[in-house]
Amino acid sequence: MKHKEWMARLFVLSLLALALGAPLIGWRQQAQNGVLLRGRMAETGGWTPENLSVAVGETLYLRLTSDDVLHSFAIGRSDMPPVDILPGEITELNLVFDQPGKYTFYCTRWCSINHWRMRGVIEVVGAGQPGAALESPLYVRLGIDLDSTVHTALTPEEKPAAWRGQEYTRLLPAAALGSEVYLTQAPVDYWQALRSTTALAHLTDQQVWDLAAWVWASNTAPQELEEGQQLYAVNCAACHGESGGGDGVFAAQLDQADPGEHTMTIPGGAPDAMPSAISGVRTTRPTDFTNPAYMLALSSARLQGKILRGGMGTGMPYWGPIFTESQTWALIAYLWTFQFDLGEKP
Amino acid sequence: MNQVNLEGITEIARQSQQALVEHRQAVPAPAMAQSRFAGNSTQASPANRFNLARQAWLRPLLISRWPQFLARALALAGFAFAILAGLFGSPVGSHNFAIVFVWIAWWSVFKLAFIPLGGRSWCSVCPIPMPGDWLQQGGILQKGRRLGLNLRWPKRLKGYWLQTGAFLLIGLFSALTLTDPRLTAWVFIGLFGLAIGLSLVFERRAFCSYLCPIGGFSGIYAQAAPLEVRVIDRSVCAQHSQKTCYQACPWGLYPVALRDSAACGLCMECLRACPEDNLALNLRPFGADIARPRTTQRLDEAFLALTMLGSALSFAAVFSGPWGWLKLAAFQIGSLEWVGYAAAFLALNLLILPGAFALAAWFGRGGAPLRSAFANQAQALLPLGLMAWIAFTISFALPKAGYILGVMNDPMGWGWNLLGAGYAPWSPDVSDFSPLLQAGLLLIGLFWSAQTAQRAAGNDLRRSAPVAVFCLAFTLAMLALLVG
């Protein structure tokens, strides 16, 4: 065979080896630079991988990317701000954990109707002070049946306002004040208790509602409401709507569609890839927080239970691994603003 | 004489005969007389040609196989890398070499430069038939032990029909193919596989000549391009009994019989093989192969030209139009909406446009059979389609040119930074001049097509006007979709 023919063949093979070999070398090299964590809409896979592990005090090198739309990476029950992940781009993130335990990471962008299913777990192993043993949540201690039906026909004529109720606070008995009332009683029960109080007998029904609003306001701080509003906007408004009316961007789909068509598994749990058409589970229209017949019959403790545990088959996600206790209470405080005017006199 | 040579001579005779018949039918009687008068002249090339192969600086690059081989080997490595990136790189198209280099860089340069300036010039460096060629001839530069059955391509499958079908097939899935790196990789694996497979069964470039949708695309528009390979002096060929040019041509063409550049892949093998140096690579006026009266009865070229118009319209509507639902329907392959899109796409290409054009040809047939008028007047669709594709390409190629730098920096979408600190994302703003440029190109296409229709109709305005109206309607539709 001629010299030129050999040269030509060698040239072709060298170029092909370069074209096919270069990515392989690059792939091996970057694998040493950390874990590539890919985000996809839950319908097409969610996070890959879903489970990560790292030792206490060691750095977890993450290279975050999205395969489809804008996602965001956040770690539940932590103060780390969410990191946006752009399609096709790599965002590097180094994490160090000082406590062992299981940390849930999740997406904070409304990427699809199953957005909330974009969750994974980072298991932090090794020595270290385990986190303080969690006390049972209030709703558990109170033995509230979260799935019982609540409704009241006793509703105010107009939205109760704390600044109007302030006028009658001197009439309130001492037992009617304090955080326990706010945490454990439904407003309608509280209103009925006040209504039967002799000292308040001369007040109109609406004035008693205003008084109840003032008690609710006295148990919330402005910065708590602000934090609650931010949490609500990021995590709740997609379904419940910015105005709390149960009319978020996903609401219509939740009411009629079958959002169970996803391939996600519950991190560390049994496969949950069964479509709701088969499992019989379907979602319902999100709760309307502006509906007094429903909201005024709920206690803050019951709302805590709904948030932490989720809606069990309604499509309402569980937020227990995501929110800290103070975040949960801040959110609940904000939810009351859909029923009560908790602000100053306009 | 072996069997191959015998068949070769038969093929040469067939091609020559066809060219002669077409020539006689095409040239009107007075011109025939003139032609006979000039019959002693054996110059095949008209005067307004400039033979690039005679330029001292270019000649060595054309005669040596190495420059072309190097370009094709690089292109082969590039496509191999694109396939790898498509399969294993980021699934986000704008960050994957496969999508950006194939559909934004190459596909744009192909339509903006290769076709309008060089006709089938891409074919001369295309890597897709290379592995098959090497197997067929048993070597890269030298011929060795041949592989394959070396069968003749079935006669009934000749022409543009299969290429039209292949282009329509790609059109049905184009929304996803143009954006999904995995699918793009599989499309190119399929094209390479088909090219290799066919080269092992059939002789020469069967895939390129009869199946490759890209070849069909560039083939019909090559007739408008200012580049051609032609014989210099036919009498020299008449004296030459070996026909080495035909034996060397991987496309199975006999240069003396070339009437247009639709089938010539500009590989230059005939230039290299001719012992008399009797072949030219000519620069010529735009549209030299079209705008002349033809009485061809072939409908395949007409249908391919109509398919090109229909595809340009469909793609402009899907990619540049304001209809989100249409985009979604084109993307959701297999859904009911997509079936509707596919049905509309096929109806536009196979019924509506051919129907409307047949009506125009019928009104302008001037006593000729409809089939003949249809085929003849379809020449007018070539400048129109070429300019429509260029205008459509500009609508997405320029705004997305910034992606090219991005994938040079990170071709797999894995977070590489090959360009280092010097890399800064770039997204050009072409909104000021892009619509003007597109409108200008579409209007040039309309004018050129109307002129072509006029000439194809023997300068009879009554015969050319209906086709010109058809072209005007198409131009207005493209203007509405691209410029708004």
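Numbers restart at 1 for each chain; the letters A, B, ... are given by sequence-line order, proteins then strands.
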Subject >> Proximity breakdown for A/R40 and chain B, heavy-atom pairs closer than 4.5 Å >> reply: neither

Subject >> Part of A/E89 lying under 4.5 Å from any heavy atom of chain B >> reply: both

Subject >> More than 12 heavy atoms of other groups within 6.0 Å of B/W106 CH2 >> reply: yes

Subject >> Which atom of A/R9 lies closest to which atom of B/G139, heavy atoms considered >> reply: NH2-CA, 3.6 Å

Original post:
What's the shortest heavy-atom distance between A/I90 and B/G413, and which atoms?
Top reply: CD1-O, 4.2 Å

Subject >> Option that, when pairs with chain A are counted at under 4.5 Å, heavy atom only, ranks first among B/N96, B/L74, B/D410, B/L84 >> reply: B/L84

Original post:
Does any non-hydrogen side-chain atom of A/K4 lie less than 4.5 Å from one of B/F69?
Top reply: no

Original post:
Quick one: of B/S90, B/P91, B/A82, who has the most non-hydrogen atom pairs under 4.5 Å with chain A?
Top reply: B/P91

**OP:** Look at B/M130, B/H95, B/R72 and state which one has the largest set of heavy-atom pairs under 4.5 Å with chain A.
**Re:** B/H95

Original post:
Under the side chain to side chain contact (heavy atoms under 4.5 Å, CB included) criterion, do A/L20 and B/F81 qualify, and how do the steps go?
Top reply: CA-CA 6 Å; A/L20 303 178; B/F81 183 73; 6.0 Å; no

**OP:** Using modelled atom types only, decide if a donor and an acceptor are shared between the side chain of A/R63 and the backbone of B/W414 within a distance under 3.5 Å.
**Re:** yes

**OP:** Take A/L15 and B/L76 through the test side chain to side chain contact (heavy atoms under 4.5 Å, CB included) and record every step on the way to the result.
**Re:** CA-CA 8 Å; A/L15 277 180; B/L76 180 67; over 6 Å; no

**OP:** Identify which of A/L36, A/V12, A/T91 forms the greatest number of heavy-atom pairs closer than 4.5 Å to chain B.
**Re:** A/V12

Subject >> For A/A19 against B/A77, the heavy-atom pair lying closest together >> reply: CB-O, 3.4 Å

**OP:** Evaluate whether atom CG of A/D79 has more than 12 neighbouring non-hydrogen atoms of other residues, nucleotides or ligands under 6.0 angstrom away.
**Re:** no

Original post:
Would you say the side-chain atoms of A/E5 pair up with the backbone N or O of B/I140, donor to acceptor, closer than 3.5 Å?
Top reply: yes

Original post:
About how many Å separate CG of A/L16 and CZ of B/F79, when rounded to the nearest 0.5 Å?
Top reply: 13.5 Å

Original post:
Side chain, backbone, both or neither: which part of A/A22 has an atom under 4.5 Å from a heavy atom of chain B?
Top reply: backbone

Subject >> A/S66 versus B/V92, closest heavy-atom pair with distance >> reply: O-CG2, 3.4 Å

